[in-house]
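The structure presented is a predicted model; accordingly, all values stated were derived computationally and were not measured.
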Amino acid sequence: MTSERYNAREAEPKWRSIWEEKGLFHTRNDDPRPKYYVLEMFPYPSGRIHMGHVRNYAMGDVVARYKRARGFNVLHPMGWDAFGMPAENAAMANKTHPATWTYANIATMRDQLKSMGLSLDWKREIATCDPAYYRHQQRMFLDFLAAGLIDRKTAKVNWDPVDQTVLANEQVIDGRGWRSGALVEQRELTQWFFKISDHAQDLLDALDGLDRWPEKVRTMQKNWIGRSEGLKVRFALDAATTPAGETDLDIYTTRPDTLFGAKFMALAPDHPLARAAAEKNPALAAFIDECKRMGTALENIEKAEKKGFDTGIRALHPFDPTWTVPVYVANFVLMEYGTGAIFGCPAHDQRDLDFVNAYGLGVQPVVCPEGTNPASFVVTDVAYDGEGRMINSRFLDGMTPAEAREEVAKRLEAEMRGGRLVAERKVNFRLRDWGISRQRYWGCPIPVIHCDACGVVPVPKTDLPVKLPDDVTFDVPGNPLDRHATWKNVPCPHCAAPARRETDTMDTFVDSSWYFARFTDPWNETEPTDPAVVNAWLPVDQYIGGIEHAILHLLYSRFFTRAMHKTGHAGVDEPFAGLFTQGMVVHETYKGPDGAWVSPAEIRIVSEGGERRAQLLSSGAPVEIGSIEKMSKSKRNTVDPDDIIGTYGADTARWFMLSDSPPERDVIWTEEGVQGAARFVQRLWRIVNDVADLPTASAAPSFGPAATAVRKAAHRALISTEADVERLRFNRCVAHVYELANALQSAMATQETACPDDLVAALREATDILLRIVAPMMPHLAEECWAALGRDGLIAETAWPVADRDLVVEDEITLPVQVNGKKRADVTVPRDADQAAIESAVMALDAVRKALEDRPVKKVIVVPQRIVNVVG
RNA sequence: GCCGGUGUAACCCAAUGGCAGAGGUAGGCGACUUAAAAUCGCUUCAGUGUGGGUUCGAGUCCCACCACCGGCACCA
């Protein structure tokens, strides 16, 4: 019976249907046990799951099954991030409706996920494209609008000419649309914005409390929010040089200490003063036009030369009205940041230095490095941005830059000119408001109506949801909603006059900003959330997903949760108490004789003289083995989870995804690796059957040395696994399983005659523990083995075993003995031996005396349970 | 340019400041086999990217540098 191989293809579906029949993974909100919410980022239903999903969901399932065994009421749901552009692209390409395409994909991917044996509560499944979901999103939009969390404003937006939609700043990567890769243009449009920038300080401060988030993600968010402290300074303009109506220029600076090094002012090309000056200056107007073209068309901004144009306007130095500074328009000044205008101090800012060197405006150092002679300190090509003492700065001379900053701020913020303060301290953020308007069909409609008489009118809550119309066409670019007359034209809810629906839909990142809250009560028809329920479940205890969402999704969700808190839809600000970002699944790439990418399924690897070569299966033609890259359709280096699960079973795929590489790092998918995992599945099956075949033992009165060793190995593995699952160190959990399996196997192999009773009992106990450690990782195999051992019930509903911590403590310990840091001997002492006893035992060792070479002993360091070091 | 991460055996990786090896892969030898695969047993292999420092003791902490990966980047 042990000669039979474990047949995953038969066993896995069997156990899955038993779990399902018993409803093992359905979570009740009224369960009194302590809660644990584990969530993996929900997938976009693109068509089929990929290996990245397998890795992500395998990890989450280990945590879910482990926490369940430990007695927690575990919430582990799954859903679909189902709105978005690809559905519309597919609709255009295949003449199918986006909903048809999306729901077909969901059906496929749901089956695939189910074949992985994930312990998910499928009763809570949600799809964001379902009106039953997005009606609540519309409701919250109206609540946010009423609470002042939403703005409608004209703004320069990033326009993707290929997708014909607006993109958020976060969605523009290197000047290109994140999805289409098209060069992004700037357009002025009226858009809806979530006022995330009002929360910049709070979103920044609260990062410090997220101690179970990766440092890396917190740093990325910090940089993205981009806080800077500075001074807004108002420069007076020389009336003789200034267009009528303009008297002052506001600039923002973080270095007011360098004001006496000012050599020029610079305006953003679209600054109002620049536009005013351009009205009577065609050459300036032409320069501004050129900047705008460069700004949008240039993909590599850093390569752009610093260019400027003298407006002829002269500004007066705030500390010396006789000192005039030329005002330029410059291509490197951004209208969106600060005030859209700067003063340039070339000596201490590299960018300003490059600028003056191009226009011959001169350099005046005002900060002198400590230990350098101020008389001879000059700046030519490299700006000095370090510490030192102020020079050439009148009343600031001798101060540190920090003291000078404070002094300048103090003087200028006390000064009035024309009835207004000359300067004020100001905190600036890089973070801009979140533009959510998208000119797309397949998204959540923004529930407002535009009336010529009443303006923007919210759709009454009783009229929600604003459903997407089904009868739409995609034969022309642009938004089908905008040309859908019967959907678009509606009476105004206020005055009943003819009015128009908002035809923009919401950014799909809105959909994913609260799905974790909806999972707590997905059946609620009247409210997005039930306060009592959502407050009991949130925050998510462990969130797992890809690092690519470190900024967008995670920052938006943090903002949205705050907005839900303010409007009574949630009781917390932070949605995710613990975050884990897993690495990617990568694979070798292959290029065929014609230079085209070849998929791993089409090749065979042969070893010749220790060298790996690849050849085409079809023709035997040589294939070039390329670099290891993230699995992608374009490089064709993907492996289909269905193929792996079909060939080896889900447990093998899960096991391999958890092995070897630490979970936060990339894992290389290799055929050898999968086969190694598959071999271990069979080996575990054999070990368990060997144990099952042992004759039934009568109760063992006591355990001999061999039996005790087996028991110790089991309890050690149990203790280590507990610690490592908690820390999500799955590669180590895998190692503990191997270690224990090795221990069991060798304990049985060394037994030449029939197993004594005590060893049989120990082996059975150890095998029980082994299976319970394995169960979260390979749940089907664990069930099959559990049954083979004749154990009652399902391992999936068996409590986690209690580790015997006293057992693993040794009575005698062997300590390494170092002399002057080098190991010279071992000493074996009772576990509770005191320092003096250990010292005398060590000094009695010949090897120690020899190593000391008659030198006197200066010190003996005894590290309890660890090591002894003799210093002589 | 700025910020962060990583660097240990042929490869993937372990190691609360305490004997560099838990585990896997690959390799070698042997057993089983007509043979191969599978299986079982035995086994080879590094002083931790480089250079300093702290310490009784450093893969681990500190400093500098190198390489690779990631994020941000005319942000005033």
Verdict with supporting geometry, A/T254 and A/S228, side-chain hydrogen bond (donor to acceptor under 3.5 Å, both in side chains): CA-CA 7 Å; A/T254 55; A/S228 78; over 6 Å; no

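When distances are taken from the side chain of A/P662 to each of B/rA76, B/rC72, B/rC13, the shortest belongs to B/rC13. Among the nucleotides B/rA76, B/rC40, B/rU6, the one closest to any side-chain atom of A/R683 is B/rC40. Listed candidates were B/rA14, B/rC13, B/rC40. Nearest to the side chain of A/R732 is B/rA14.
Side-chain contact check for A/R683 and A/Q745: at least one donor-acceptor pair (N or O, by modelled atom type) lies under 3.5 Å. Between the side chains of A/R227 and A/Q201, at least one donor-acceptor pair of N or O atoms lies under 3.5 Å. When only modelled atom types and interatomic distance are considered, A/D433 and A/S197 share a side-chain donor-acceptor pair under 3.5 Å.
Separating the CG atom of A/N223 from the P atom of B/rA73 is a distance of 9 Å, rounded to the nearest angstrom. Across the protein-nucleic acid pair, A/D826 atom CG and B/rG18 atom C1' stand 13 Å apart, rounded to whole Å. Between A/H736 atom NE2 and B/rA22 atom P there is a gap of 13 Å when expressed in whole angstrom units. One can place NZ of A/K222 at 17 Å from P of B/rA73, the figure rounded to the nearest angstrom. The nearest whole Å value for the distance from the CD atom in A/E671 to the P atom in B/rC11 is 22 Å. What separates CG of A/D666 from C1' of B/rC13 is a distance of 14 Å, to the nearest Å. In this structure, NE2 of A/H348 is placed 15 Å from C1' of B/rA76, rounded to the nearest angstrom. As rounded to whole Å, 16 Å separates atom P of B/rG24 from atom CG of A/L658.
Separating the C1' atom of B/rA10 from that of B/rA46 is a span of 11 Å, rounded to the nearest Å. Of the P atoms belonging to B/rC66 and B/rC42, the separation is 47 Å, rounded to the nearest Å. One C1' atom belongs to B/rA38, the other to B/rC61, and the distance between them is 49 Å to the nearest Å. Nucleotides B/rG59 and B/rA9 have their C1' atoms positioned 14 Å apart, rounded to a whole Å.
At a threshold of 4.0 angstrom between heavy atoms, the contacts of A/V734 with the nucleic acid are absent. The residue A/Y252 sits close to a base: some heavy atom pair falls under 4.0 Å. When heavy atoms are screened at a 4.0 angstrom cut-off, A/Q818 is found touching base atoms of the nucleic acid. A/D352 comes within 4.0 angstrom of nothing in the nucleic acid, heavy atoms only. Residue A/R218 is out of contact with every strand shown, counting any heavy-atom pair closer than 4.0 Å. In this structure, A/S659 reaches neither bases nor backbone, as no heavy-atom distance under 4.0 Å exists between it and the strands shown. At the heavy-atom level, A/V817 lies nowhere under 4.0 Å from the strands shown.
For the OP1/OP2 pair of B/rG1 and a distance below 4.0 Å, the side-chain nitrogens and oxygens of A/Q350 include no atom meeting the criterion. The side chain of A/R686 contributes an N or O atom lying less than 4.0 Å from OP1 or OP2 of B/rC40. Checking the phosphate oxygens (OP1, OP2) of B/rC75, no side-chain nitrogen or oxygen of A/R227 falls inside 4.0 Å. Between B/rC68 and A/R665, no contact under 4.0 Å exists linking OP1 or OP2 to a side-chain N or O. For B/rU16, neither phosphate oxygen OP1 nor OP2 lies less than 4.0 angstrom from any side-chain nitrogen or oxygen of A/R866.
Within a 6.0 Å radius of CD in A/E672, other residues, nucleotides and ligands contribute more than 12 heavy atoms.
Nucleotide B/rC13 is matched to B/rG21 when pairs are restricted to Watson-Crick or G-U wobble geometry with both distances under 3.5 angstrom. Remark: B/rU48 base-pairs with no nucleotide in the shown strands. Criterion, Watson-Crick or G-U wobble with two distances under 3.5 Å. Pair check for B/rA58 finds none; no Watson-Crick or G-U wobble contact set falls under 3.5 Å. Taking a pair to require two hydrogen-bonding distances under 3.5 Å in either a Watson-Crick or a G-U wobble arrangement, B/rA67 pairs with B/rU6. Within the shown strands, nothing qualifies as a pairing partner of B/rC32 under the Watson-Crick or G-U definition with both distances less than 3.5 Å. In this structure B/rG27 sits in a base pair with B/rU43, meeting the Watson-Crick or G-U test at under 3.5 Å. Nucleotide B/rG1 has B/rC72 as its partner under the Watson-Crick or G-U criteria, with both atom distances under 3.5 Å.
A/R679 contributes no side-chain N or O that forms a donor-acceptor pair with the base of B/rU25 under 3.5 Å. Side-chain atoms of A/N869 and base atoms of B/rC56 include a donor and an acceptor less than 3.5 Å apart. With hydrogens and angles ignored, a donor-acceptor pair under 3.5 angstrom links the side chain of A/D660 to the base of B/rG23.
Positionally, the nearest nucleotide of RNA chain B for A/I867 lies more toward the 5' end than for the other of A/I867 and A/K859. Nearest-nucleotide mapping onto RNA chain B: of A/M335 and A/N731, the residue sitting toward the 5' end is A/N731.
In this structure, B/rG47 shows a glycosidic angle within 90 degrees of zero, which is the syn conformation.
For the pair A/R5 and A/W685, the NZ or CZ position fails the cation-pi test of under 6.0 Å to the six-membered ring centre and within 45 degrees of the ring normal.
A salt bridge between A/R425 and A/E406 is present, with a side-chain N of the basic residue lying under 4.0 Å from a carboxylate O of the acidic one. A/D354 has no carboxylate O lying under 4.0 Å from a charged side-chain N of A/R351, or vice versa, which leaves the two without a salt bridge.
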